[in-house]
Amino acid sequence: MPRMNMVQAINDALRLEMRRDSKVIVLGEDVGKLGGVFRVTQGLQQEFGEDRVIDTPLSEGGIIGTAVGMAMYGMVPVPEIQFSDFIFPAFDQIVSEVAKLRYRSGGEFTSKMVIRTPVGGGIRGGHYHSQSPEALFIHTAGLKVVCPSNARDAKGLLIASIRDPDPVLFFEPKRVYRAAKGEVPSEAYEVPLSSAAVVRTGTDVTVIAWGAMLYEAIEASSQAEAQGVSVELIDLRTLWPVDIDTIVTSVKKTGRVVIVHEAPKTCGFGAELVALINEKAFWHLEAPPVRVTGFDTPFPYTLENEYLPLAHRILPAVLETARC
Amino acid sequence: MPRMNMVQAINDALRLEMRRDSKVIVLGEDVGKLGGVFRVTQGLQQEFGEDRVIDTPLSEGGIIGTAVGMAMYGMVPVPEIQFSDFIFPAFDQIVSEVAKLRYRSGGEFTSKMVIRTPVGGGIRGGHYHSQSPEALFIHTAGLKVVCPSNARDAKGLLIASIRDPDPVLFFEPKRVYRAAKGEVPSEAYEVPLSSAAVVRTGTDVTVIAWGAMLYEAIEASSQAEAQGVSVELIDLRTLWPVDIDTIVTSVKKTGRVVIVHEAPKTCGFGAELVALINEKAFWHLEAPPVRVTGFDTPFPYTLENEYLPLAHRILPAVLETARC
Amino acid sequence: MATNADQPLSFPADMIRVLRADGTLDPEHDPHLAVDDVVALYRAMMRTRFIDERLVMLQRQGRIGFHIGSLGEEATILGSAWAMRAGDFIFPCYREFGAALLRGMPLQRYLDNMFGNASDNAKGRQMPDHITARDARFGSVSSPIGTQITQAVGFAWAAKLRGDDVVTLVYFGEGSTSSNEFHNGMNFAGVYRVPAVLLCRNNGWAISVPSDQQTATATFAQKGVAYGVHSVRCDGNDLFAVVSATRAAVERAARGDGPTIVEAMTYRMSGHSTSDDPNAYRVDDALAPWRERDPIQRVRSYLIKAGAWDEGRDGELEGEFDREMKQAIAEAEKTPVPSIDSMFADVFESEPWHLREQHQAVVQGPRPQRQH
Amino acid sequence: MATNADQPLSFPADMIRVLRADGTLDPEHDPHLAVDDVVALYRAMMRTRFIDERLVMLQRQGRIGFHIGSLGEEATILGSAWAMRAGDFIFPCYREFGAALLRGMPLQRYLDNMFGNASDNAKGRQMPDHITARDARFGSVSSPIGTQITQAVGFAWAAKLRGDDVVTLVYFGEGSTSSNEFHNGMNFAGVYRVPAVLLCRNNGWAISVPSDQQTATATFAQKGVAYGVHSVRCDGNDLFAVVSATRAAVERAARGDGPTIVEAMTYRMSGHSTSDDPNAYRVDDALAPWRERDPIQRVRSYLIKAGAWDEGRDGELEGEFDREMKQAIAEAEKTPVPSIDSMFADVFESEPWHLREQHQAVVQGPRPQRQH
Ligand SMILES: Cc1ncc(C[n+]2csc(CCOP(=O)(O)OP(=O)(O)O)c2C)c(N)n1
Ligand SMILES: Cc1ncc(C[n+]2csc(CCOP(=O)(O)OP(=O)(O)O)c2C)c(N)n1
Ligand SMILES: [Mg+2]
Ligand SMILES: [Mg+2]
């Protein structure tokens with residue numbers, strides 16, 4: 001099986017889906033000739049031409065707005081937003097239009113598309129090249145939200161997203177893009193949406209993470225294990241609709257849960273997970289659910305490793321929760 | 001003491017603050033000659049002229065973007081967004097700029113302003129004249145978020161917001177605008193931010209609500225009381241930073257909590273409240289916290305009373321929580 | 001200094017006018033409509049106005065919640081929609097129910113929307129006048145200003161990329177030119193030379209804001225100069241001028257010469273919607289000159305002069321419209337409200353677990369006191 | 001047909017050029033700069049380039065994380081900043097550190113930002129080159145494209161409303177004209193006739209996208225026509241032309257005649273930033289004609305011809321710049337990183353309970369393995 005990093009795996013998914021279906025097109029800033037500032041779309045314009053891999057003007061609203069029209073025509077647009085921090089000029093199109101079109105038209109039109117965008121910190125990007133805005137889209141009814149943590153999942157989830165009938169926000173953790181290579185099947189395959197992965201089984205504490213922070217959770221889990229605490233670690237993969245069964249099953253077993261995410265704590269997706277666990281497993285809880293997250297400040301530049309919920313902050317939360 | 005409805009009370013607050021400080025200005029779509037589509041700014045242009053009560057072009061980004069520049073200059077803009085559903089074209093300016101300016105400039109510049117906007121359902125507005133987007137702004141570090149439920153609070157909170165050094169999103173529940181008159185002092189006064197009101201004391205269940213849904217919570221509380229359940233009802237008034245002490249004190253007393261809001265459930269502010277209560281009062285909880293909210297669908301037109309978390313849905317939640 | 005040679009910065013700022021005061025047609029832009037077609041368009045304009053007025057009455061009676069009409073703008077709306085070819089596509093703003101009816105949306109379907117009942121194809125989910133009519137090759141109305149412009153450009157672009165002979169028309173008001181999405185739509189239209197007609201209904205007002213406070217420019221059409229988009233203005237109360245300008249734009253688009261912005265000069269004769277009271281911001285006098293230029297009256301005079309109509313037949317028309325409206329209203333009014341199930345459908349293609357849970361809770365739970 | 005009489009739709013599309021190839025000045029637009037001022041500006045341009053090159057080196061050595069420079073754009077940036085009066089105000093894009101230095105921001109402060117250390121006035125919270133310099137009457141750099149344009153217009157509008165004689169200059173690239181906020185800023189600038197100069201650095205590229213794929217228009221200046229904003233183009237590699245065009249725009253604004261968009265034709269001689277490799281999308285040949293038109297070289301020739309400079313003094317300048325940079329770098333590099341406390345300050349004016357809790361948890365908790 002070939003070994004790929006996440007950039008290569010996503011590139012491969014795009015290429016295979018574009019070969020399979022001529023209606024799939026890629027558009028965005030610098031995605032064509034340059035192949036994207038992270039080179040995720042590299043080589044696609046050579047293979048599919050300027051009409052299917054399109055360098056657009058500098059306008060996220062234009063990118064998503066035209067993608068809606070293309071979707072209404074029957075195309076399958078896969079727009080890229082260069083950094084998820086720059087998705088806000090398109091926020092009206094996404095929240096008011098992409099999310100609501102099927103509902104408001106009684107299903108006559110849909111805005112089936114996959115909006116790909118790099119997410120999160122870890123590349124010293126400061127305020128505007130580091131944010132994790134997933135909660136804003138999870139709160140918006142009508143959108144699916146995906147965030148893979150590794151190359152193999154990234155390929156399978158992207159293919160599943162492109163084939164899904166609903167609009168998907170596909171967040172790519174940029175800290176993971178080139179971090180490591182893993183085995184990735186060379187053919188097309190789907191990793192089903194709304195299905196989490198239990199990446200480590202354990203009995204004392206459930207840790208829920210996704211994207212780049214999964215690796216910090218793995219690190220903290222190993223350290224906790226060394227201190228006698230058995231961790232069950234869940235990689236959500238799809239954030240919404242979340243795989244609630246996997247979460248509830250695990251929390252019912254451990255009675256304890258730590259949730260990790262990069263976004264600011266307040267009204268982050270962690271809050272929703274705590275609330276859902278309360279609804280579905282309250283009587284099984286043996287300790288208060290804990291959130292280890294980014295702080296409620298803009299994302300800082302120099303102190304980014306103090307800001308991010310890295311292993312050094314996850315470990316004490318896991319230990320305290322286990323012993324509480 | 002004069003009797004005013006919420007529209008009059010807000011109008012009065014604006015008038016008094018504009019008289020006090022010539023740097024306070026109002027701008028927005030239709031706010032001048034018409035006095036706003038809800039007539040909240042009626043008469044202000046006559047008194048303060050076209051340079052202080054400004055009818056702008058149809059562009060929320062332009063309204064908030066120029067307000068940032070005005071704030072940097074030292075003015076105190078009070079922009080109006082005609083419906084909070086139409087705040088999204090300005091989302092980039094609010095999230096990337098208004099919220100972060102003080103932080104990113106090390107305090108050299110601030111974007112002190114009060115963004116007023118009608119919020120919520122109840123006027124048969126369908127998808128785009130009914131939404132409650134508060135959670136999106138609570139999640140964004142650097143913003144304060146206020147939502148009064150009555151005329152007296154509306155006046156005092158708006159004056160406090162205009163005098164506050166930080167940017168405030170001021171959500172006005174349009175269903176309450178002209179619902180009832182109450183006594184409102186005629187002079188200027190402040191209702192301090194981040195201070196909730198306990199509108200009914202009780203011992204069995206804490207109910208948390210704000211804005212228009214407060215009245216539904218009152219109704220449900222009375223009905224519950226008639227069935228022998230004693231409700232403590234908290235009107236948050238300021239959503240963020242929330243008055244955590246009042247919440248925690250109450251929940252520690254009752255051990256039970258029901259949270260009511262109009263916005264869709266998932267990743268709404270109710271989730272954050274559940275998570276905070278878990279963090280601060282977990283060992284006092286005698287039942288799972290419950291959320292009674294709008295559904296995870298776009299806001300429907302005909303079935304709006306099925307969608308909204310009205311008394312008929314709050315009551316069973318209160319009874320079940322009390323008896324659980 | 002010379003203006004740039006590649007790209008003339010002038011545009012025909014003089015409006016296209018065809019129908020003269022004396023009922024004759026200026027040959028320069030005469031679209032050469034067959035008399036039968038003019039009669040059909042006259043009928044459609046009359047019908048639109050009749051429906052409009054009836055809906056305002058229904059709203060006053062509290063039988064529907066809202067109406068946003070096209071009083072005075074009938075020539076702009078019907079002339080432009082009529083100039084589109086059968087396979088072309090229309091993205092509406094919110095005042096163009098007349099265009100949807102012209103393209104075949106059944107009146108009953110429109111009334112079902114106005115009442116938000118169970119037969120509404122969008123299940124009563126949206127406000128009145130927020131129609132969708134895919135089979136009439138007509139998009140889906142949404143309230144947020146401007147979003148449809150960029151979408152229409154994307155749709156036109158898709159047609160071009162697929163090699164299909166489809167031109168896309170998009171409606172918006174002059175106030176909407178201030179929106180983000182006007183800018184995005186125009187720029188992408190220009191860059192990709194998409195086969196689109198961007199029709200700016202300049203009706204003088206954006207709710208209470210007059211058009212001269214919306215922009216510092218003398219015209220809205222000249223905004224095309226910023227985007228390399230061909231610009232044209234026409235008398236929006238002159239059916240022939242609207243047909244002529246739109247048809248030229250469609251032909252231009254169809255032959256691959258790219259988009260056109262058409263500014264149609266018309267006037268909003270009523271309030272913004274039934275929620276608005278224009279007396280708060282405009283004097284009735286402002287309407288007088290526009291009453292003189294009433295778009296329906298002008299076509300009527302033309303037809304009478306051409307011997308193709310007489311006043312008496314107006315009464316017949318109204319009787320016919322009255323019958324069909326009465327029937328459609330009765331039908332719509334007796335149709336029940338949408339089911340609870342419909343509230344949870346179409347968020348996604350299929351219902352995920354969280355919506356199933358919410359859905360079931362409603363089905364099993366108590367009903368509200370006031371259902372709607 | 002005639003063009004509209006009120007508002008000519010033409011604009012001087014021919015570029016303003018002053019400095020001729022032979023080193024003489026075209027009298028038509030000659031700004032009549034004193035030789036000492038030209039020397040001062042030459043120095044500032046040289047200093048900007050020197051700092052730029054040194055920072056690229058620092059980045060390559062891994063001592064700073066990022067740099068976004070102005071190689072080739074020095075005349076546009078310094079000429080325009082210099083044409084502003086002392087009380088005027090500048091809203092930066094992100095390439096204009098040279099303008100901030102010219103207006104008095106200390107070099108040390110800039111280096112403290114580049115290293116994101118404890119002495120940085122923004123506490124190392126932002127990426128390198130994201131400076132704020134209020135005392136230099138210079139705003140706060142943010143990455144999202146275009147937002148500063150609308151803000152600058154609001155600032156200028158405020159000055160006008162307060163009756164203050166302040167003109168506001170805002171910088172943006174030609175790619176930024178596609179953003180929402182270019183549209184909003186231009187429209188509000190036109191409607192309220194604000195005293196602003198909107199300076200479009202047309203450097204040919206928006207990262208990898210060439211300017212002719214950004215818009216279908218032949219120029220960016222002509223976008224003013226869509227907003228009633230006066231438009232002008234100048235040779236952005238000609239210091240005299242930039243000063244002349246900006247000064248005229250400032251005078252126009254100051255006398256109440258409203259905003260001007262100035263398109264300065266220049267060229268981005270380096271990659272977009274140190275993160276970019278332009279070889280992926282542009283051939284080196286493209287640079288050759290622009291090397292001929294190097295803005296610094298052109299002023300140098302002028303000064304030598306005017307007998308006010310000789311090549312030998314360039315060495316002196318570089319020695320001086322080298323010394324000040326070495327010192328500032330050394331100082332910045334030895335300054336510690338910002339304190340944990342600084343991470344929680346300035347979110348609000350004072351720290352609310354939730355930030356106090358988060359702050360205390362960090363102070364009491366473990367430190368990360370890699371601090372930064
Ligand atoms: C983004 C947004 N902001 C504000 C509104 C409220 N609004 C509805 S229609 C309208 C005026 C539109 O004027 P114009 O574009 O000229 O169209 P017209 O109504 O005249 O046909 C406004 C401000 C809205 N629907 N969307
Ligand atoms: C809203 C937004 N989208 C995308 C980006 C990423 N980005 C940064 S600079 C840039 C190109 C800007 O080009 P131009 O405006 O011409 O300025 P220049 O860099 O040439 O000075 C892009 C796409 C951004 N910063 N903000
Ligand atoms: Mg209008
Ligand atoms: Mg550029």
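As the structure is a computational prediction, the values presented were derived from the model and not from experiment. As a basis for the values below, the full set of heavy atoms in this structure was taken, side chains included, without hydrogen atoms, waters or symmetry mates. The sequence lines fix the lettering, A, B, ..., with proteins before strands; numbering per chain opens at 1.
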Quiz prompt | Toward chain D, the part of A:Thr56 with a non-hydrogen atom under 4.5 Å | solution = backbone
Quiz item: Which bit of D:Asp120 comes within less than 4.5 Å of chain A, counting heavy atoms only: side chain, backbone, both or neither?
Solution: neither
Quiz item: Which one of D:Gly65, D:Ser179, D:Pro338, D:Ala122 has the most heavy-atom pairs closer than 4.5 Å to chain A?
Solution: D:Pro338
Exercise. Output the option from D:Ser208, D:Gly146, D:Gly175 having the highest count of non-hydrogen pairs under 4.5 Å with chain A.
Key: D:Ser208
Quiz prompt | Engaged part of D:Ser211 at the chain A interface, taking heavy atoms whose separation is under 4.5 Å | solution = neither
Quiz item: Given the options A:Gly125, A:Pro298, A:Gly61, A:Gly62, which has more heavy-atom pairs under 4.5 Å with chain D than any of the others?
Solution: A:Gly125
Quiz item: What residue in D:Ile340, D:Val209, D:Ile207 has the most heavy-atom pairs under 4.5 Å with chain A?
Solution: D:Ile207
Quiz item: chain D heavy atoms under 4.5 Å from A:Phe83: which part of the residue, side chain, backbone, both or neither?
Solution: neither
Quiz prompt | A:Asp296 portion near chain D, given a 4.5 angstrom heavy-atom threshold | solution = both
Quiz item: Does D:Arg367 reach the side chain of A:His312, with side-chain heavy atoms less than 4.5 Å apart?
Solution: no
Quiz item: Tell me, do A:Phe295 and D:Gln358 make a side-chain contact under 4.5 Å, heavy atoms counted?
Solution: yes
Quiz prompt | Partner chain D: residue of A:Gly35, A:Pro300, A:Gly126 with the largest heavy-atom pair count (under 4.5 Å) | solution = A:Pro300
Quiz item: Do you see a donor-acceptor pair shorter than 3.5 Å between the side chains of D:Gln213 and A:Asp55?
Solution: no
Exercise. Ignoring hydrogens and angles, tell me if any N or O in the side chain of A:Glu306 forms a donor-acceptor pair with the backbone of D:Pro368 under 3.5 Å.
Key: no
Quiz item: Which bit of A:Phe86 comes within less than 4.5 Å of chain D, counting heavy atoms only: side chain, backbone, both or neither?
Solution: side chain
Practice problem: Identify which part of A:Pro316 has an atom lying under 4.5 Å from any heavy atom of chain D, answering side chain, backbone, both or neither. | Solution: side chain
Exercise. Determine the option with the most heavy-atom pairs under 4.5 angstrom with chain A, choosing from D:Gly365, D:Ser176, D:Ser142.
Key: D:Ser142
Quiz item: Side chain, backbone, both or neither: which part of A:Gln45 has a non-hydrogen atom closer than 4.5 Å to chain D?
Solution: neither
